[in-house]
Amino acid sequence: MKQRMETPICDFVREYVEKDPLRLHMPGHKGFGETEAFDLTEVAGADSLYEAAGIIKKSEEYASQLFGAHTFYSTEGSSLCVRAMLALCKQTALQRGVKNPWILAGRNAHKSFLSGAMLLDLEVRWLWPTGADYLSCPVTEQDLEAALSSAEEKPVAVYLTNPDYLGNLPSLAPLANICHKHGVLLAVDNAHGAYLKFLTPSLHPIDQGADLCCDSAHKTLPVLTGGAYLHLAKRHRELASCAKEMLALFGSTSPSYLILQSLDRVNALLSENYREQLADFLALAEKTKCRLQKNGFVFTGQEPLKFTVKTKYYGYTGNEVADFLAKRGIVSEFADPDHLLLMLTPQIGKEGLARLEAALLSLPKREKIHSVPPKLSAPPVRMMPKEAFFAPKVSCPVEEAVGRVLSSVLLSCPPAVPVLVCGEEVTESALAVFRYYGVTRLWVVKES
Ligand SMILES: Cc1ncc(COP(=O)(O)O)c(C=O)c1O
């Protein structure tokens, strides 16, 4: 029987609630309401997220033990951790005396990466995907080696999204080796892969050599929305000593204690029998997937907790299958013309899998749809992202945006990753992509 980790944050808050004090401190609900009682602020003994020295520090130490890293909590998702990772990269570059730090990033980066790099004035150069599907950005060892060895001044870091939104999960270890050979950090957006640590063997980025990494605990572990981790590899003590500063740079001064308790509570679960629970569930999920495959469903991606269905092989768009499931009370994570993305966790159990399987099998198979997404070619960069973002802007129909400069970082979903980045020219090739995904309007830089 494994030793269940303690939950210092949950214990403190529970005792506080039991004492039933008159709360003459924030938040304004004073503990009244269905979920409010356990929502606290930094009262004496509750510690402080960005200057943790008590119960939060203890809880983060437990998380660090679980992940084998220097692990820090975020109550503002991986979005906050991504920005903190970039700030740490920028600091590293400046401390190494680099005048113009830059980062080499897989093009399928989340918008928090774009906004973070923009706010930090960190130049980004892209690794473009070689295949047609730009939702994924498979980076081969050859591509990475070529990009790093040809760079006169090396980037401070390579930034990869792994797993990607579709559940592709290439091996990071060889890429980490290449980065380290060139003296470059590997930073990984593992927003979708907190649970990878608990596979046997672990497929977590930190275990594959990444230097910095973030996980949205809330995406794949039983944690409240917003709960996330910033991890730094054990060898990076100095970076770890600055992590809180960098999180605080972008984070709210009022972190959610509900989310902190959720992160704290999950330590206990993860330390106990989660690994076994996950393995049992994955065996069932794999069998479900095999039966669906036998009935004509085609999947992509290797991430075991994600079913990414390539629905056109079954004769439907992803959106049509998502609607079909929604009518049967099953709500998908994401759908676009080509994909249906279903995120599973052991929490849905055998029953959830059976319900999903029955619903999908009740969908009549049709003729395969042959259309594919338009190919996107790299657009000209006309302005620095920050310059374009803060320039006077107008919103216009996509057709009228061709030849103009994009002035937004928010554009992304669908597809799940940015088609264009702020400062890039809206090209005919991008127009075709926007049309395909039903994007009708864009913010562009106002022409004088
Ligand atoms: C790949 C990727 N990175 C980062 C994020 C941001 O994560 P969070 O929602 O936890 O802030 C997301 C969110 O969907 C994501 O898909």
Side-chain angles (χ1 to χ4, degrees), residues 49 63 71-87 89 103 105-119 124 126-127 129 133-139 157-170 172 186-196 203-205 210 212-231 246-247 249-252 255-256 258-260 262-263 266 301-303 305-306 308 331-336 339 341-343 345 409-419 421:
L49 180 57
T71 297
F72 304 94
Y73 290 160
S74 158
T75 64
E76 294 168 74
S78 278
S79 299
L80 174 60
C81 303
V82 165
R83 295 184 186 118
M85 287 202 289
L86 293 178
C89 290
I103 192 159
R107 176 68 181 195
N108 60 341
H110 184 254
K111 56 192 162 190
S112 54
F113 171 82
L114 302 174
S115 59
M118 191 178 80
L119 291 168
V124 179
W126 297 108
L127 280 162
D133 195 347
Y134 50 85
L135 289 176
S136 310
C137 187
V139 175
V158 166
Y159 181 94
L160 298 176
T161 302
N162 188 293
D164 67 26
Y165 201 63
L166 297 183
N168 292 300
L169 192 58
L172 283 173
L186 176 62
V188 178
D189 174 345
N190 181 47
H192 290 261
Y195 76 99
L196 297 174
L203 292 180
H204 195 271
L212 310 93
C213 157
C214 68
D215 309 345
S216 294
H218 70 93
K219 290 194 199 300
T220 58
L221 298 176
V223 168
L224 286 180
T225 299
Y229 308 111
L230 168 64
H231 306 289
M246 299 310 177
L247 286 160
L249 185 63
F250 295 103
S252 164
S256 160
L258 292 177
I259 299 174
L260 287 175
S262 188
L263 286 165
V266 90
Q302 312 79 40
E303 206 208 295
L305 276 186
K306 218 172 240 168
T308 308
V331 183
S332 322
E333 160 65 20
F334 171 82
D336 72 11
H339 306 100
L341 212 146
L342 304 163
M343 289 178 74
T345 73
V409 285
L410 296 180
L411 188 72
S412 68
C413 210
V417 298
V419 177
V421 169

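Each ligand, and each atom within it, is numbered from 1 in the order the structure gives. Just so you know, these numbers come straight off a predicted model, no measurement behind them.
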Can you report which non-hydrogen protein atom sits closest to [atom], along with the distance?
atom	answer
atom 8 (P) of ligand 1	S78 N, 3.4 Å
atom 16 (O) of ligand 1	H192 NE2, 2.8 Å
atom 15 (C) of ligand 1	H110 CD2, 3.5 Å
atom 11 (O) of ligand 1	S79 OG, 2.6 Å
atom 13 (C) of ligand 1	K219 NZ, 2.8 Å

Side-chain H-bond candidate by donor/acceptor type, R83 with S115, under 3.5 Å: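 Side chains of R83 and S115: pair found under 3.5 Å.
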Between H231 and N190: side-chain donor-acceptor atoms closer than 3.5 Å: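 Side chains of H231 and N190: no pair found under 3.5 Å.
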Atoms in ligand 1 with a heavy atom of S216 nearer than 4.0 Å: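 Ligand 1 atoms under the 4.0 Å threshold to S216: 7 (O), 8 (P), 10 (O).
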Geometric class of the F334/Y165 ring pair [parallel <30°, tilted 30-60°, perpendicular >60°]: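 Perpendicular, since the angle between the ring planes exceeds 60°.
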Residue-ligand contact D189/ligand 1, heavy atom below 4.0 Å: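 Checking ligand 1 against D189, which is what was asked, there is a heavy-atom contact under 4.0 Å.
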Heavy-atom side-chain contact between L86 and F250 under 4.5 Å: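 Of all side-chain heavy-atom pairs linking F250 with L86, none is under 4.5 Å.
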Short N or O distance, T161 and ligand 1, threshold 3.5 Å exclusive: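 So ligand 1 has no N or O lying under 3.5 Å from an N or O of T161.
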Minimum-distance pair of heavy atoms, taken over all atoms of D164 and K306: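 Taking every non-hydrogen atom into account, O-NZ, 3.7 Å.
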G77 backbone acceptor or donor facing S74 side chain under 3.5 Å: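 Confirmed, S74 side chain pairs with G77 backbone.
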